[in-house]
Amino acid sequence: IVSYNTLIKGLCKARNLQEALELKAGMENANLAPNSLTYTILMDGLCMEGRVDEAMGLVEEMRTKGLEPNVFAYSIMINGLCSRGNVKEGKELFNEMLGKGVSPNVVTYTSLINGLCKLGQLEETITTFNAMLEDGVQPDVVTFTGIIDGLCKDGKAEKALKLFNVMLGKGIVPGNITYNVLLRGLCDKGLLADAFNILQLMIEKGERPDLVTYNTILRGLCNNGKVDDAMTLFRSMLTDKSYVEPDVRTVTLLIHGLCQENRLDLAADIHNMMIENNKVVDVQTFTVLIGAYLRADNFGKAMDIWKKMIELGFTPDSLAYSALIDGFCKLNMLNIAKGIFVIMRDRGCSPTVFDYNSVMAALCKESSLEQARRLFQEMLNGNYEPDSVSYNIIIDSALKSGNLESAEELLNHMLQRGLNPD
RNA sequence: CCAAGUUUGGUUUUCA
């Protein structure tokens with residue numbers, strides 16, 4: 001049974017759930033009863049693939065086989081639910097486990113807290129955190145890191161910094177990830193000075209900045225008008241062994257930053273340099289450049305880059321087409337944009353709601369309200385779920401044409417679909 | 001004896 005479990009674990013890690021599940025069936029056929037470990041491995045594997053319902057099914061199956069779910073099983077399921085935003089059911093499961101007398105541990109609490117935090121439910125996060133303390137479970141570095149990240153993503157970097165200091169005061173040693181999330185939060189708030197202080201603290205404490213650290217800093221520099229410093233950092237990463245080699249994200253971030261400052265030719269030079277040196281670029285890197293050139297009205301250059309991308313054997317994905325569609329819309333080349341819809345379908349990429357929104361917005365701008373409405377209808381007919389942006393566009397166009405009734409009607413549709421107007 | 005939790009890149013509307 002140990003060997004079965006080991007094999008199943010390997011298959012799950014390789015995302016080969018199909019075979020993992022078959023192997024479990026195989027054990028059963030061989031009259032070997034899967035134990036709790038077998039179940040939890042599979043449940044975790046299913047959750048990682050987003051198949052949370054099936055994982056829940058396994059919990060039921062455990063019960064029918066007389067195996068009561070243990071703290072591992074509950075923690076995995078609570079994490080599976082919460083990390084996909086289903087905190088409601090996560091909490092239910094948590095209460096169920098309390099009812100069954102299974103004691104949550106630090107992992108269980110941390111999973112729940114993270115789910116709450118990601119939804120920005122600050123008060124309940126604190127309540128749960130306190131409940132954990134009362135329960136005699138001590139938060140560890142992962143718990144703190146999760147909350148710090150939640151605060152940062154909610155735009156509360158100052159609070160996150162305070163919590164970071166509380167953590168230090170408790171003698172908990174921050175890990176690389178802790179520093180990285182905090183750095184990201186501070187950079188996003190424009191608190192670069194604080195970010196660099198933290199970076200220095202990190203180094204002083206003997207934690208080596210990793211690739212994520214550098215990418216985070218580079219992004220912070222770019223987003224705060226310090227692209228030249230970002231360039232310097234990038235060069236250090238390329239040449240200085242005490243740094244870390246840049247990866248495709250580093251390159252994409254830098255190119256994105258340069259493009260936002262309208263330094264397209266420099267961005268393209270760097271991009272070419274990377275290609276010539278066999279460094280990593282991918283579809284996303286190309287997409288940034290192509291989008292930027294289209295926005296700058298440089299249709300020819302954008303097409304050159306697109307061609308180069310194809311020549312080098314990269315397959316454009318849905319977002320690459322989106323960049324084209326959006327670009328052509330902004331250049332008022334709506335017919336071409338619509339042509340891309342056809343082309344991308346041909347190549348197995350479905351246009352997204354985003355793409356429809358781009359075209360509808362462009363149509364509205366040139367006052368082709370009738371066509372915009374038709375496109376909206378086409379979207380509905382094609383089983384697309386318009387999002388609040390779609391509604392904003394189309395309602396805006398109705399208002400512009402003085403058609404108050406249909407604007408109101410659309411607003412009602414929107415509410416029925418549970419979208420919030422703003 | 002073997003299972004669970006935290007971080008980095010590209011596209012869309014209006015107004016600021």
Side-chain angles (χ1 to χ4, degrees), chain A residues 1-3 5-6 8-9 12 35-45 47 70-80 82-83 105-115 117 140-150 152 175-185 210-219 247-257 259 282-292 317-327 329-330 352-362 364-365 387-397 399 422:
Chain A
I1 186 154
V2 174
S3 6
N5 286 342
T6 314
I8 290 177
K9 184 181 170 189
C12 284
N35 61 14
S36 300
L37 182 56
T38 323
Y39 279 103
T40 52
I41 293 172
L42 282 167
M43 282 158 46
D44 191 40
C47 285
N70 56 16
V71 62
F72 288 98
Y74 278 113
S75 300
I76 289 168
M77 287 318 302
I78 288 170
N79 183 51
C82 288
S83 62
N105 62 18
V106 61
V107 177
T108 327
Y109 276 110
T110 302
S111 301
L112 192 57
I113 286 173
N114 263 316
C117 232
D140 64 8
V141 59
V142 179
T143 318
F144 276 104
T145 304
I147 303 176
I148 290 172
D149 187 43
C152 286
N176 239 323
I177 299 181
T178 319
Y179 287 105
N180 291 341
V181 302
L182 187 56
L183 285 171
R184 167 70 186 253
D210 60 14
L211 185 56
V212 177
T213 316
Y214 288 118
N215 285 346
T216 304
I217 299 273
L218 192 124
R219 180 188 144 101
D247 72 348
V248 62
R249 292 183 179 202
T250 323
V251 176
T252 308
L253 278 166
L254 181 65
I255 289 183
H256 185 71
C259 288
D282 67 5
V283 182
Q284 296 198 31
T285 326
F286 278 99
T287 303
V288 174
L289 263 184
I290 291 164
D317 63 7
S318 163
L319 285 177
Y321 287 110
S322 295
L324 282 190
I325 290 171
D326 185 47
C329 287
K330 298 242 159 85
T352 62
V353 172
F354 283 149
D355 300 322
Y356 277 102
N357 291 348
S358 289
V359 181
M360 285 193 311
C364 289
K365 226 172 239 163
D387 59 11
S388 55
V389 175
S390 325
Y391 278 104
N392 278 342
I393 297 168
I394 206 77
I395 289 174
D396 197 47
S397 87
L399 289 175
D422 46 13

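Naming: A, B, ... by sequence-line order, numbering from 1 per chain.
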Notebook entry, point to check: Within the structure, does a side-chain N or O atom of A:Lys330 lie under 4.0 Å from either OP1 or OP2 of B:U11?
Noted result: no

Next item on the list: Just call it for A:Asp317: base, sugar-phosphate, or nothing, with non-hydrogen atoms closer than 4.0 Å on any strand.
Entry: base

Check: Can you tell which of A:Thr216, A:Ile148, A:Thr145 makes a side chain to side chain contact (heavy atoms under 4.5 Å, CB included) with A:Leu182?
Finding: A:Ile148

Margin query: In whole Å, I'd like the distance from the CD1 atom of A:Ile393 to the P atom of B:U11.
Written below: 16 Å

Notebook entry, point to check: Given side chains that start at C-beta, do those of A:Asp396 and A:Cys364 come closer than 4.5 Å, heavy atoms only?
Noted result: no

Notebook entry, point to check: Less than 4.5 Å apart, any side-chain heavy atom of A:Asn176 and any of A:Val212?
Noted result: no

Next item on the list: Round to the nearest Å and state the distance from A:Leu254 atom CG to B:U8 atom P.
Entry: 19 Å

Next item on the list: Kindly indicate whether the side chain of A:Val107, heavy atoms from C-beta on, has any atom under 4.5 Å from the side chain of A:Asn79.
Entry: no

Next item on the list: Report the residues that fulfil salt bridge (Lys or Arg N to Asp or Glu O under 4.0 Å) with A:Asp326, sequence neighbours left out, ordered by chain and then residue number.
Entry: A:Lys330

Notebook entry, point to check: Atom CG of A:Asp326 and atom C1' of B:G10: how far apart are they, to the nearest Å?
Noted result: 12 Å

Checklist line | Whole angstrom value for the distance that separates P of B:G10 from CG of A:Asp247 | finding: 13 Å

Margin query: If you only use heavy atoms from C-beta on, which nucleotide in B:U11, B:U8, B:U14 is closest to the side chain of A:His256?
Written below: B:U11

Next item on the list: Give the B/S/- string for nucleotides 1-6 of chain B, one per nucleotide from 5' to 3', where a protein heavy atom under 4.0 Å of the base yields B, of only the sugar-phosphate yields S, and otherwise -.
Entry: -BBBBB

Notebook entry, point to check: Do A:Asp355 and A:Ser358 get their side chains close enough for a donor-acceptor pair, meaning under 3.5 Å?
Noted result: no

Next item on the list: Give one of base, sugar-phosphate or nothing for A:Asp282, where a contact means two heavy atoms less than 4.0 Å apart.
Entry: base

Next item on the list: When you get a sec, tell me which of B:U12, B:U7, B:G9 is the closest nucleotide to the side chain of A:Gln284?
Entry: B:G9

Margin query: Applying a 4.0 Å non-hydrogen cut-off, can you work out what A:Val251 is touching in the nucleic acid: base, sugar-phosphate, or nothing?
Written below: nothing

Next item on the list: Just call it for A:Ala323: base, sugar-phosphate, or nothing, with non-hydrogen atoms closer than 4.0 Å on any strand.
Entry: nothing

Check: Under 4.5 Å between any side-chain heavy atoms of A:Arg184 and A:Arg219, yes or no?
Finding: yes

Notebook entry, point to check: Based on Watson-Crick and G-U pairs with both distances under 3.5 Å, what dot-bracket line describes RNA chain B 5' to 3', crossing pairs as [ ] and inter-strand pairs as |?
Noted result: ................

Notebook entry, point to check: Can A:Asn114 and A:Ser111 be counted as having a side-chain donor-acceptor contact under 3.5 angstrom?
Noted result: no

Notebook entry, point to check: How close or far is atom C1' of B:U11 from atom CG of A:Leu289, stated in whole angstroms?
Noted result: 14 Å

Next item on the list: Measure the distance from CG on A:Leu319 to P on B:U12 and round it to the nearest whole Å.
Entry: 10 Å

Notebook entry, point to check: Looking at A:Asp210 and A:Thr213, what are the two nearest heavy atoms and their distance?
Noted result: OD1-OG1, 2.7 Å

Check: Is any N or O donor-acceptor pair between the side chain of A:Asn392 and the base of B:U13 shorter than 3.5 Å?
Finding: yes

Note to self: When you compare the side chain of A:Val141 with that of A:Ile177, does any pair of heavy atoms fall below 4.5 Å?
What the structure shows: no

Next item on the list: Could you state the atom-to-atom distance from CD1 of A:Ile217 to C1' of B:G9 in whole Å?
Entry: 16 Å

Notebook entry, point to check: Can a side chain N or O of A:Arg184 be found less than 4.0 Å away from OP1 or OP2 on B:G9?
Noted result: yes

Check: Once you round it to whole Å, what is the distance between P of B:U7 and CG of A:Leu182?
Finding: 14 Å

